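What follows is a single structure, written as structure tokens, with notes after it.
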Amino acid sequence: MQKISLNTITNYLMFLTLCLFSAGCLFVFSVMLISRLQGDTPSPTIPWTTLQIGFVLIIVPFVAKRLFAKVIAAPEEVVLPAGAGIFVGFLQGLLYGGAILVIGGIVLFCFNPQRLFSHDLFYYSMATLGVTGVAGAFFAPVRVARKARLWLLLALISQFVTLSALRQLLGLFPLKFDYTVAEINFEKMPLADSNLVNWLVPDGAKNIHIYGTRGEEARVQCQITAEQLKEFAKKNKLELPETESREFAFGNNETVVFIYNRESGVLIGFFRRDGLPGHLRRETKAEEKKPAGQ
């Protein structure tokens with residue numbers, strides 16, 4: 001039995017990867033194209049899926065033919081034109097930059113995972129890739145082997161997979177946070193989920209103290225006016241109790257509860273994703289049953 005070389009296996013793997021990627025791009029393109037042609041009243045005799053798959057099956061063989069000539073039937077080593085050399089050098093620069101980001105991401109994940117949620121991390125990453133990409137283009141290769149082109153592509157794919165895996169792992173990692181700010185400032189609260197902050201903190205709130213575990217629970221204390229409280233309740237579709245008492249509670253009685261003090265203007269909120277503790281639910285119900293004037 002004839003042995004299949006690693007070079008042959010990886011060449012066909014790259015060919016298959018590029019074909020699948022091309023088919024996926026064409027499918028997304030056909031979704032947008034056909035949806036525009038069909039409008040809001042698609043033909044019942046020609047389903048969208050049939051048109052989309054048919055479009056992909058017609059175009060992909062032409063793409064695959066070109067890919068086969070470039071990947072499978074290409075010579076082992078080729079001399080690159082000037083433009084192609086710059087492009088390959090740019091990809092090599094991205095490869096090294098991506099390797100730096102992967103290593104840095106793993107280090108941060110092990111020692112300081114909250115830094116991965118920092119808003120300025122994206123700009124640092126883009127700057128790193130830009131510098132390494134431009135540096136790679138300045139040192140453009142003249143000759144390149146087919147195997148080198150293959151491993152370049154596979155390395156780039158593996159980097160994206162690694163970075164995606166890091167983000168998935170962060171979702172499973174219990175990260176505690178504790179922030180005290182004068183007003184809402186997400187740059188100073190990288191671990192506080194923006195949707196949760198908007199759900200717990202009213203617009204215009206001052207002297208905010210929010211702490212908890214990302215993705216699980218959070219507590220917040222802030223100062224707001226009565227008018228801000230009404231706007232906040234209306235925005236989040238929460239019903240305020242009809243009571244004149246100095247302090248009252250409200251919430252959905254499932255995952256979030258708030259306690260507001262009219263005299264001090266302090267709002268205290270508690271959120272737990274898997275459900276409120278029993279004593280907080282009972283407290284909300286007890287407050288709702290209090291007669292006016294108490």
Side-chain angles (χ1 to χ4, degrees), residues 4-34 52-53 55-109 116 118-168:
I4 302 177
S5 66
L6 178 62
N7 192 25
T8 302
I9 294 174
T10 51
N11 281 334
Y12 277 97
L13 179 61
M14 181 170 65
F15 172 68
L16 178 62
T17 302
L18 291 175
C19 285
L20 291 176
F21 179 75
S22 301
C25 292
L26 287 170
F27 184 81
V28 173
F29 172 74
S30 65
V31 168
M32 295 184 292
L33 175 65
I34 296 173
Q52 293 155 5
I53 294 178
F55 178 78
V56 172
L57 292 177
I58 291 173
I59 302 300
V60 162
F62 296 97
V63 177
K65 184 177 179 181
R66 298 293 303 272
L67 289 175
F68 189 90
K70 296 290 184 181
V71 177
I72 305 298
E76 288 298 325
E77 191 175 61
V78 295
V79 177
L80 294 174
I86 293 175
F87 178 70
V88 173
F90 177 73
L91 288 182
Q92 288 179 338
L94 291 182
L95 174 63
Y96 290 120
I100 293 173
L101 293 181
V102 169
I103 295 173
I106 293 173
V107 171
L108 287 177
F109 180 79
L116 292 174
S118 175
H119 291 274
D120 57 357
L121 188 63
F122 171 79
Y123 301 105
Y124 290 141
S125 301
M126 291 298 101
T128 301
L129 292 178
V131 170
T132 56
V134 172
F138 272 107
F139 296 95
V142 178
R143 301 177 66 87
V144 62
R146 182 170 59 187
K147 184 186 293 186
R149 298 201 306 273
L150 165 69
W151 287 114
L152 176 65
L153 173 67
L154 294 181
L156 288 172
I157 294 174
S158 67
Q159 287 178 357
F160 283 110
V161 173
T162 303
L163 292 174
S164 177
L166 284 175
R167 291 183 60 87
Q168 295 297 326

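Start at 1 with the first residue, then count along the sequence. It should be emphasised that the depicted structure is a prediction, and the values quoted were computed from it without experimental measurement.
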Item to check | Heavy-atom closest pair, residues Ala64 and Cys19 | outcome: CB-SG, 3.9 Å
Item to check | For the student: nearest non-hydrogen atoms of Ala140 and Gly85, plus distance | outcome: CB-O, 3.3 Å
Next on the checklist: Distance check, rounded to the nearest 0.5 Å: Ile100 atom CD1 versus Leu95 atom CG?
Outcome noted: 10.0 Å
Checklist entry - Where is the tightest heavy-atom contact between Gly98 and Leu129, given as atom of each residue plus distance? => result N-CD2, 3.7 Å
Item to check | Residues in ring pair (Phe, Tyr, Trp, His ring centres under 6.0 Å) contact with Phe68, at least two apart in sequence or another chain | outcome: Phe15
Checklist entry - Hey, what do you get for OG1 (Thr128) to CG (Leu94), rounding to the nearest 0.5 Å? => result 11.5 Å
Item to check | Exercise: identify the closest heavy-atom pair between Gly97 and Thr132 | outcome: CA-OG1, 3.4 Å
Checklist outcome for this item: Heavy-atom closest pair (Leu67 atom, Ser22 atom, distance to 0.1 Å) is CD1-OG, 4.3 Å
